[in-house]
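Computed from a predicted structure; not experimentally measured. Counting starts at 1 for both ligands and their atoms, following the listed order.
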Amino acid sequence: MKDVRTDGQPKRVFIRTYGCQMNVYDSDRMADVLRPLGYALAEAPDQADLVVLNTCHIREHASEKVYSELGRLRDLKTERRAEGRDYTIAVAGCVAQAEGEEILRRQPAVDIVVGPQAYHRLPELLAQVARKSAAAGPGKLMPGAGVLDTEFPPESKFDHLPSPQGIRAGSAFLSIQEGCDKFCTFCVVPYTRGMEYSRPVSAVLAEARQLVAAGALELTVLGQNVNAYHGEGPDGSTWSLSRLVRAIGEIPGLARLRYTTSHPRDMDDDLIAAHGDVPQLMPYLHLPVQSGSNRILDAMNRGHDRDLYLRIVERLRNARDDLALSSDFIVGFPGESDADFDETMRLIQQVGFASAYAFRYSRRPGTPGAALTDQVPENVKVARLAALQALVGQQARAFNESKAGSTVPVLFAEPGRKAGQIMGKTPWLQSVYAQGDPRLFGRIVDVRLIEGYANSLLGEIVTGDYEVAA
Ligand code: SAM
Ligand code: SF4
């Protein structure tokens with residue numbers, strides 16, 4: 001049954017996504033599950049009847065942002081109630097999973113708290129709220145009547161979610177693996193996303209073919225530990241990520257393939273070899289190392305040392321010499337000394353990254369790292385973060401500058417910053433701005449790169465070898 005408003009207009013949902021690409025994928029799937037109920041997408045919370053905050057719990061400030069947004073939504077809800085209308089607020093994602101009922105206590109205006117494994121149950125949760133609202137009268141549902149589903153249900157949400165609908169400008173995400181069994185001592189993911197789960201090969205390949213048929217030229221397969229993928233194959237055998245990547249690479253029409261996020265421990269020989277063998281696999285890999293100090297890597301329970309990481313990098317570059325790397329770094333993990341931090345800076349110099357994400361260590365309740373006594377003072381973390389970012393910033397600029405003068409295929413995706421400009425991505429995931437027609441969104445076009453900057457490049461579309469459909 002479709003949900004319509006009392007004024008006969010279709011209901012609208014606004015979904016705000018925080019955090020990682022897996023949340024982006026999940027938000028799209030939630031939109032897909034709500035569409036058959038009659039929910040169209042709203043552009044802003046004040047145009048919506050239902051707001052879903054798809055949250056991230058990875059660092060402290062990420063969850064605090066959610067609570068301040070909930071305060072604003074409560075005010076909107078109060079306005080709607082004054083007009084005798086309902087306004088439903090749902091909190092999804094990892095904050096929902098981690099804090100559960102605490103969210104309903106801290107912000108009683110919230111109607112639904114739903115964990116990442118229960119999105120297929122959203123229609124039932126909405127129906128529960130609607131039943132309560134019908135009993136109370138329009139706009140009269142009292143704060144504190146919220147419903148909660150943070151179970152890890154026995155069924156997989158993937159088997160119960162509708163097939164993906166929209167492709168954004170030629171590119172799509174495809175979740176193939178979720179959860180994590182590695183228990184790095186700083187990280188909440190094993191607690192919020194649960195144990196490692198790999199989708200069966202047939203389901204992944206079917207979704208990949210469907211996305212390509214719907215116009216995806218580029219697929220990014222996703223997982224919290226994507227290279228720990230061990231899905232059941234059609235013949236009952238277990239497939240690794242490399243086997244899956246090789247099979248996806250054979251889908252006619254697919255030009256680009258990426259996977260993220262990988263763990264160094266799971267970079268096996270065949271996956272490294274695939275970087276040389278599978279032309280669709282893009283020459284860019286996000287391979288987080290977190291720290292360059294063996295002592296800290298050990299305390300983080302990463303299960304690898306700096307030498308293993310450096311060896312993997314060398315072998316990847318032997319397999320594909322134009323491979324660019326990016327990484328995540330945490331500065332100020334408990335006990336990190338100046339010497340440990342210097343080791344991280346030395347590793348960055350040795351590898352040479354095309355980009356990197358760096359974070360100050362954030363103490364997450366319930367993780368082993370939070371209980372350690374030798375926490376690093378905040379001012380030290382700030383100084384280390386600045387030094388690290390300056391170094392990777394220099395490397396990123398040098399990498400972008402090194403591409404100037406070459407002609408590369410760019411997948412255009414969205415308007416640029418200046419009038420008449422469009423923006424797209426190179427095989428190395430660099431942002432390129434060029435004068436061009438928005439009808440090129442979702443197309444791969446050769447671009448001559450003119451100049452490289454800290455975070456992007458300026459390019460010029462090579463004319464003559466593409467047509468824009470009228
Ligand atoms: N599974 C991936 C891996 O093993 O590298 C990373 C997943 S996590 C969602 C993304 C990044 O957030 C991590 O690589 C780490 O750098 C950062 N992160 C996780 N927990 C953190 C914490 N407590 N404080 C600061 N950064 C954190
Ligand atoms: Fe978190 Fe470590 Fe698992 Fe990555 S491997 S999700 S950092 S516990």
(message) Tell me whether Arg246 is salt-bridged to Glu250, with the criterion being a basic N under 4.0 Å from an acidic carboxylate O.
(response) no
(message) Tell me whether Arg199 is salt-bridged to Glu207, with the criterion being a basic N under 4.0 Å from an acidic carboxylate O.
(response)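 Salt bridge present between Arg199 and Glu207.
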[X] neighbourhood, listing ligand 1 atoms whose heavy-atom distance to it stays under 4.0 Å:
| X | value |
| --- | --- |
| Arg364 | 23 (N) |
| His263 | 4 (O) |
| Arg360 | 24 (N), 25 (C) |
| Pro288 | 5 (O) |
| Arg302 | 3 (C), 4 (O), 5 (O) |
| Thr261 | 2 (C) |

(request) Please name all residues satisfying ring-ring contact (aromatic ring centres under 6.0 Å, His included) with Tyr453, sequence neighbours left out, ordered by chain then number. (result)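 Result, ring-ring contact (aromatic ring centres under 6.0 Å, His included) vs Tyr453: none returned.
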Which protein heavy atom lies closest to [atom], and at what distance to 0.1 Å?
| atom | value |
| --- | --- |
| atom 19 (C) of ligand 1 | Ile58 CG1, 3.3 Å |
| atom 21 (C) of ligand 1 | Phe186 CD1, 3.7 Å |
| atom 11 (C) of ligand 1 | Asp328 OD2, 3.3 Å |
| atom 1 (Fe) of ligand 2 | Cys187 SG, 2.3 Å |
| atom 3 (Fe) of ligand 2 | Cys180 SG, 2.2 Å |

Taking both backbone and side-chain atoms of [X], is any N or O found less than 3.5 Å from an N or O belonging to ligand 1?
| X | result |
| --- | --- |
| Ser262 | no |
| Ile330 | no |
| Gln290 | yes |
| Gln224 | yes |
| Asn225 | no |

(request) Report yes or no: is the cationic atom of Arg29 (NZ for Lys, CZ for Arg) closer than 6.0 Å to the six-membered ring centre of Tyr25, at no more than 45° off its axis? (result)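 Satisfied, under 6.0 Å and within 45°.
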(message) For Tyr67, does the six-membered ring have the charged nitrogen or CZ of Arg106 within the cation-pi criterion, i.e. under 6.0 angstrom from the centroid and within 45° of the normal?
(response)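 Yes, a cation-pi geometry.
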(request) Among Leu126, Val91, Leu148, Asp149, find the residue that satisfies the side-chain contact (heavy atoms from CB on, under 4.5 Å) test when tested with Ile112. (result) Leu126
(message) Checking side-chain contact (heavy atoms from CB on, under 4.5 Å) between Arg256 and each of Leu217, Ile444, Thr220, which is the one that passes?
(response) Ile444
(message) Applying side-chain contact (heavy atoms from CB on, under 4.5 Å) to Leu285 and Ser262, what does each step give before you reach the verdict?
(response) CA-CA 8 Å; Leu285 182 65; Ser262 297; 4.2 Å; yes
(request) Would you check if atom 2 (Fe) of ligand 2 lies under 2.8 Å from any N, O or S atom of Cys184? (result) yes
(request) Return yes when atom CD of Glu151 has more than 12 non-hydrogen atoms of other residues, nucleotides or ligands closer than 6.0 Å, and no otherwise. (result) no
Ligand 2 versus [X]: contacting region, heavy-atom distance under 4.0 Å:
| X | result |
| --- | --- |
| Asn225 | side chain |
| Phe183 | backbone |
| Pro190 | side chain |

Which part of [X] is near ligand 1, with near meaning a heavy atom under 4.0 Å away: side chain, backbone, both or neither?
| X | result |
| --- | --- |
| Phe359 | side chain |
| Lys381 | neither |
| Lys182 | neither |
| Arg59 | side chain |

(message) If the contact criterion is a heavy-atom separation under 4.0 Å, does Met300 count as touching ligand 2?
(response) no
(message) Taking 4.0 angstrom as the limit and counting only heavy atoms of Arg302, give me the atoms of ligand 2 inside it, by number and element.
(response)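 Result: 2 (Fe), 7 (S).
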(request) Taking only heavy atoms of His263 into account, list the atoms of ligand 2 that are under 4.0 Å away from them. (result) 5 (S)
When you compare the side chains of [X] and [Y], does any donor N or O come within less than 3.5 Å of an acceptor on the partner?
| X | Y | value |
| --- | --- | --- |
| Ser242 | Ser240 | yes |
| Gln117 | Gln97 | no |
| Tyr284 | Ser326 | yes |

(request) Might you work through the ring-ring contact (aromatic ring centres under 6.0 Å, His included) test for Tyr191 and Phe183, ending with a clear yes or no? (result) CA-CA 9 Å; Tyr191 312 97; Phe183 291 92; 5.6 Å; yes
(message) To the nearest 0.5 Å, what is the distance between CG on Leu429 and CD on Glu218?
(response) 7.0 Å
(request) Mark whether atom 7 (C) of ligand 1 lies under 4.0 angstrom from at least one protein heavy atom. (result)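 Within 4.0 Å of atom 7 (C) of ligand 1, no protein heavy atoms are found.
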(request) Among Arg384, Arg363, Arg360, find the residue that satisfies the salt bridge (Lys or Arg N to Asp or Glu O under 4.0 Å) test when tested with Glu378. (result) Arg360
(message) Tell me which one of Arg346, Arg306, Arg295 satisfies salt bridge (Lys or Arg N to Asp or Glu O under 4.0 Å) with Asp340.
(response) Arg295
(request) Have a look at Gly369, Ser291, Ala356, Ser362 and point out the one with the heavy atom closest to atom 22 (C) of ligand 1. (result)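 Result: the heavy atom closest to atom 22 (C) of ligand 1 is in Ser362.
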